[in-house]
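Values below: all heavy atoms of this structure, side chains included; hydrogens, waters and symmetry mates excluded.
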Amino acid sequence: MGIYIHIPFCKQKCSYCDFHFSTSFEAYRWQMVEALCTEIELRKNYINPCIPSIYFGGGTPSLLNKEELSLIFSTLSSHFLWDESAEITLEANPDDITDEKLAIWKSVGINRLSIGLQSFKEEDLLMMNRAHNANEALTAVEKAKSAGIDKISIDLMYGLPNLSLDEWKNHILQAIALDVDHISAYCLTLEKGTLLQQQVTKGSIIAAGEDAQSDQFVLLLETLASNEYEQYEISNFARNNAYAVHNTSYWLGKPYLGIGPSAHSFNGTERRWNIANNASYMKSMGLNDSWFEAEILSDKDRWNELILTGLRTKFGVQLDELSAIKKPSPEFLQRLAEFEQANLIININETITLTTAGKLQADYIASELFL
């Protein structure tokens with residue numbers, strides 16, 4: 001259970017990104033922060049007020065200044081409770097990590113950074129239109145550590161055009177050398193409508209093939225495992241049990257509150273999502289219900305989400321939880337047995353998890369087990 005706050009601001013648009021954000025926000029940034037605070041007040045009863053995590057995502061939350069962050073935290077503390085053990089994460093771009101900002105983040109209560117390094121190769125960063133350079137990717141983590149922020153996660157991307165297996169291994173080893181307890185690694189996907197997708201369609205950039213992506217994924221698993229990183233979710237690895245508290249709550253199906261344009265929420269029975277339009281969100285906030293849509297989850301929805309999220313994690317899917325929703329059909333049990341026989345799934349004490357081979361086909365396996 002936790003609170004997610006979406007900050008829809010970015011300096012520039014990465015070529016692969018289809019998240020909701022704006023690069024022209026200076027004229028209304030304070031108005032957006034006030035709208036976020038209004039939503040926090042309106043939705044103070046959506047989840048239990050005692051929360052273990054707050055997560056600032058985006059967009060680029062590291063663009064917020066001290067006054068903006070202070071107002072958000074002041075509003076949160078008026079309606080929710082958390083203690084010193086709570087995980088309070090801010091996503092940060094390397095180019096935003098300065099001594100001044102690090103001091104601000106610590107002063108308002110940020111105790112964990114998720115740093116979007118993505119790559120240590122200058123050509124990759126230019127291709128992705130990232131706002132930082134390779135040197136900033138290397139120095140960002142050390143700056144954060146020097147400021148006394150111990151909980152740090154870094155993001156990497158694989159499956160990039162022209163990324164060789166040797167280069168990818170070097171990126172992984174560079175990440176390990178940064179000595180952080182959490183690494184997230186995502187395969188580059190071609191999202192519809194993005195600049196990267198258009199470039200691939202035109203042939204100006206050659207996308208990595210599935211075999212290259214699979215080889216890089218397997219190398220990632222082997223290299224991180226040999227350096228004591230546990231894969232606890234398809235794309236997430238931790239040492240010393242430093243699991244991301246906030247994201248793990250999503251994967252375990254716990255309720256959460258999403259604040260901001262495009263943010264999603266879940267209270268156990270209802271799924272709710274805010275409109276992905278900054279102007280409409282700010283204009284209608286508190287005046288009417290036009291800033292969000294909602295649906296009550298059906299048994300089919302609950303079953304499928306349990307399969308989809310559970311199979312991505314080390315925690316797996318407990319068959320008795322599925323049975324509590326609907327008795328598994330003979331066809332489901334047969335398909336499950338086939339996957340187990342093919343060494344794609346392991347069933348231990350009625351909890352199913354994916355093997356390494358299964359993780360390469362996670363989406364396909366999940367779809368085959370959906371209602």
Fill in the blank from the handout: Interatomic distance, CG@Asn227 vs CG@Leu173, rounded to 0.5 Å, equals 7.0 Å
Exercise for the section: Using a 4.5 Å cut-off on heavy atoms from C-beta on, say whether the side chain of Ile3 contacts that of Phe56. Expected result: no
Practice task
Using atom types as modelled and distance alone, determine if a side-chain donor or acceptor of Gln216 lies under 3.5 Å from a backbone N or O of Leu163.
Solution key: yes
Practice task
Give a yes or no answer on whether the side chain of Thr248 reaches the backbone of Val245 with a donor-acceptor pair at less than 3.5 Å.
Solution key: no
Exercise for the section: Answer yes or no: is there a side-chain heavy-atom contact under 4.5 Å between Ser153 and Arg112? Expected result: yes
Exercise for the section: Measure from the side-chain N and O atoms of Ser74 to the backbone N and O of Ser70, and report whether any donor-acceptor pair falls under 3.5 Å. Expected result: no
Handout entry: Short side-chain donor-acceptor distance under 3.5 Å, Ser62 and Asn93
Key = no
Handout entry: Stepwise side chain to side chain contact (heavy atoms under 4.5 Å, CB included) check, Ile5 with Leu36
Key = CA-CA 8 Å; Ile5 300 176; Leu36 296 174; 4.2 Å; yes
Problem - Any donor-acceptor N or O pair under 3.5 Å, side chains Glu87, Tyr55 - result: no
Exercise for the section: Run the ring-centre check on Tyr232 versus Phe237 and record whether the distance is less than 6.0 Å. Expected result: no
Practice task
May I ask you to test the Tyr158-His171 pair for a side-chain heavy-atom distance under 4.5 Å?
Solution key: no
Exercise for the section: Using a strict cut-off of less than 4.0 Å between a Lys/Arg side-chain nitrogen and an Asp/Glu carboxylate oxygen, indicate whether Arg271 and Glu295 qualify as a salt bridge. Expected result: no
Problem - Residue pair Leu219 / Leu165, side-chain heavy-atom distance below 4.5 Å - result: yes
Exercise for the section: Could you tell me whether a side-chain N or O of Glu39 sits under 3.5 Å from a main-chain N or O of Gly260, the two making a donor and an acceptor? Expected result: yes
Problem - Aromatic centroids of Tyr46 and Phe266 separated by under 6.0 Å - result: no
Practice task
Would you name the heavy atoms of Asn48 and Met1 that are closest together and state the gap between them?
Solution key: CB-SD, 3.3 Å
Problem - CD-OG distance between Gln361 and Ser214, expressed to the nearest 0.5 angstrom - result: 9.0 Å
Handout entry: Thr313 side chain to Gly316 backbone, donor-acceptor under 3.5 Å
Key = yes
Practice task
Determine whether more than 12 heavy atoms belonging to other residues, nucleotides or ligands lie under 6.0 Å from atom CG of Asp299.
Solution key: yes
Exercise for the section: Would you please say whether a donor-acceptor pair under 3.5 Å links the side chains of His6 and Tyr281? Expected result: no
Problem - hydrophobic_cluster_shared for Ile47 and Phe292, side chain cutoff 4.5 Å - result: yes
Exercise for the section: May I ask you to check whether Ser298 and Asp301 show a side-chain donor-acceptor distance below 3.5 Å? Expected result: yes
Practice task
Of all the heavy-atom pairs spanning Val141 and Ile154, show the shortest one and how long it is.
Solution key: CG2-CG2, 3.7 Å
Practice task
Could you verify whether a donor N or O on one side chain and an acceptor N or O on the other, from Tyr186 and Asp155, lie under 3.5 Å apart?
Solution key: no
Handout entry: SB check Glu228 Arg239 (cutoff 4.0 Å)
Key = no
Problem - Enclosure of Lys359 NZ (heavy-atom neighbours >12, cutoff 6.0 Å) - result: yes
Completion exercise
Heavy-atom closest pair (Arg302 atom, Ile325 atom, distance to 0.1 Å) is NH2-CG1, 3.8 Å
Exercise for the section: Say whether Ile176 and Leu113 are linked into one hydrophobic cluster, either directly or through other cluster members, by side-chain heavy-atom distances under 4.5 angstrom. Expected result: yes
Fill in the blank from the handout: Heavy-atom closest pair (Ala35 atom, Met285 atom, distance to 0.1 Å) is O-CG, 3.6 Å
Practice task
Could you grab the distance from atom CG of Asn274 to atom CH2 of Trp291, nearest 0.5 Å is fine?
Solution key: 5.5 Å
Exercise for the section: Step by step, work out the side-chain hydrogen bond (donor to acceptor under 3.5 Å, both in side chains) result for Asn343 and Thr355. Expected result: CA-CA 7 Å; Asn343 193 35; Thr355 64; 4.6 Å; no
Practice task
Check whether Leu76 and Ile51 end up in the same hydrophobic cluster, where Ile, Leu, Val, Met, Phe, Trp and Tyr are linked by side-chain heavy atoms less than 4.5 Å apart.
Solution key: yes
Practice task
Grab the two heavy atoms, one from Ile365 and one from Gly358, that are nearest each other, plus how far apart they are.
Solution key: CD1-O, 3.6 Å
Problem - Between CD on residue Glu34 and CE on residue Met282, distance to nearest 0.5 Å - result: 10.5 Å
Handout entry: Side-chain donor-acceptor contact under 3.5 Å, Asp166 with Ser164
Key = no
Handout entry: Inter-residue atom distance Ile72.CD1 - Ile40.CD1, 0.5 Å rounding
Key = 6.5 Å
Problem - Note, Arg43 side chain near Ser265 side chain (heavy atom, < 4.5 Å) - result: yes
Exercise for the section: Mark yes when over 12 heavy atoms from residues, nucleotides or ligands other than Lys254 sit less than 6.0 Å from its NZ; otherwise mark no. Expected result: no
Practice task
For Ser280 and Asn277, indicate whether the former's side chain and the latter's backbone hold a donor-acceptor pair under 3.5 Å.
Solution key: no
Problem - Thr223 (side chain) donor-acceptor with Leu220 (main chain) under 3.5 angstrom - result: no
Practice task
Taking Trp303 for its side chain and Leu369 for its backbone only, find out whether a donor-acceptor pair lies under 3.5 Å.
Solution key: yes
Problem - Beyond-backbone contact of Trp251 with Tyr243, side-chain heavy atoms, under 4.5 angstrom - result: no
Practice task
Please determine if Lys314 and Glu233 form a salt bridge, counting it only when a charged side-chain N lies under 4.0 Å from a carboxylate O.
Solution key: no
Problem - Flag side-chain contact, heavy atom, 4.5 Å: Leu344 against Leu354 - result: no
Exercise for the section: Group every Ile, Leu, Val, Met, Phe, Trp and Tyr by side-chain heavy-atom contacts under 4.5 Å, then state whether Tyr250 and Val317 land in the same group. Expected result: no
Problem - Donor-acceptor contact present, side-chain Asp83 to main-chain Ser85, <3.5 Å - result: yes
Exercise for the section: Return yes when atom CG of Asp320 has more than 12 non-hydrogen atoms of other residues, nucleotides or ligands closer than 6.0 Å, and no otherwise. Expected result: yes
Problem - Ile110 vs Thr89 side-chain heavy atoms within contact, under 4.5 Å - result: no
Fill in the blank from the handout: The reported gap from CG in Asn247 to OG in Ser114 (rounded to nearest 0.5 angstrom) is 8.0 Å
Practice task
Search all heavy atoms of Phe73 against all heavy atoms of Ile88 and return the closest pair with its distance.
Solution key: CZ-CG2, 3.7 Å
Practice task
Kindly say whether Glu67 contributes a backbone atom to a donor-acceptor pair with the side chain of Asn65 at under 3.5 angstrom?
Solution key: yes
Handout entry: Side-chain H-bond candidate by donor/acceptor type, Asn162 with Glu167, under 3.5 Å
Key = no
